[in-house]
Amino acid sequence: MIHTKTFELRTSGRDDFVDITPKVSQAVSESKVSRGLVSVYVPHTTAGVTINENADPDVIHDILGSLDKAVPWRQGFYQHNEGNSAAHVKSSMMGCQATVPIEAGRLVLGTWQSIFFTEFDGPRTRRVIVTVTGE
Ligand code: ZN
């Protein structure tokens, strides 16, 4: 069985992490798949998706700070003429796809894990494509 769902979200700020776990869980519930995989795909070049801790918000703060330190927004350093190369690089560092197993109709996530949409050139309206496959 394959079930696909696309949803939109609005990010705030240039950089933003949005917990999309409830939306992905909802798509899994609607699919009626009890055992399988869910793919979370972000069709953008300056945003991404990652799975990390949602218990302590300082973790997200530290990830964003580390990415900024590694890939700063700088004039005159990058070639891409849109001026948003830092966002493109961070997008590739996070990746545009995450896969999570499904068991007993639920996402198999660790206690502290959540699925985050990662914005690097916002605020914008963005899309996420969720594909559930299994039985
Ligand atoms: Zn660009």
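Just so you know, ligand 1 is whichever comes first in the structure, and atom 1 is the first atom listed for that ligand.
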Margin query: Salt bridge check, Asp68 against Lys90: does any charged N sit closer than 4.0 Å to a carboxylate O?
Written below: yes
The atom name of the N, O or S atom in Glu82 nearest to the Zn ion (ligand 1) is OE1
*Take the angle between the ring planes of Phe120 and Phe17 and call it parallel below 30°, perpendicular above 60°, tilted in between.*
perpendicular
To the Zn ion (ligand 1), the closest N, O or S atom belonging to His80 is NE2
Query raised in the report: In terms of side-chain geometry, is the basic nitrogen of Arg126 or Asp16 positioned less than 4.0 Å from the acidic oxygen of its partner?
Result: no
Notebook entry, point to check: Is Asn84 close enough to the Zn ion (ligand 1) to have an N, O or S atom under 2.8 Å?
Noted result: yes
Kindly say whether Arg124 contributes a backbone atom to a donor-acceptor pair with the side chain of Thr11 at under 3.5 angstrom? yes
Exercise. With a cut-off of 2.8 Å, does any N, O or S atom of Asp121 fall short of it relative to the Zn ion (ligand 1)?
Worked result: no
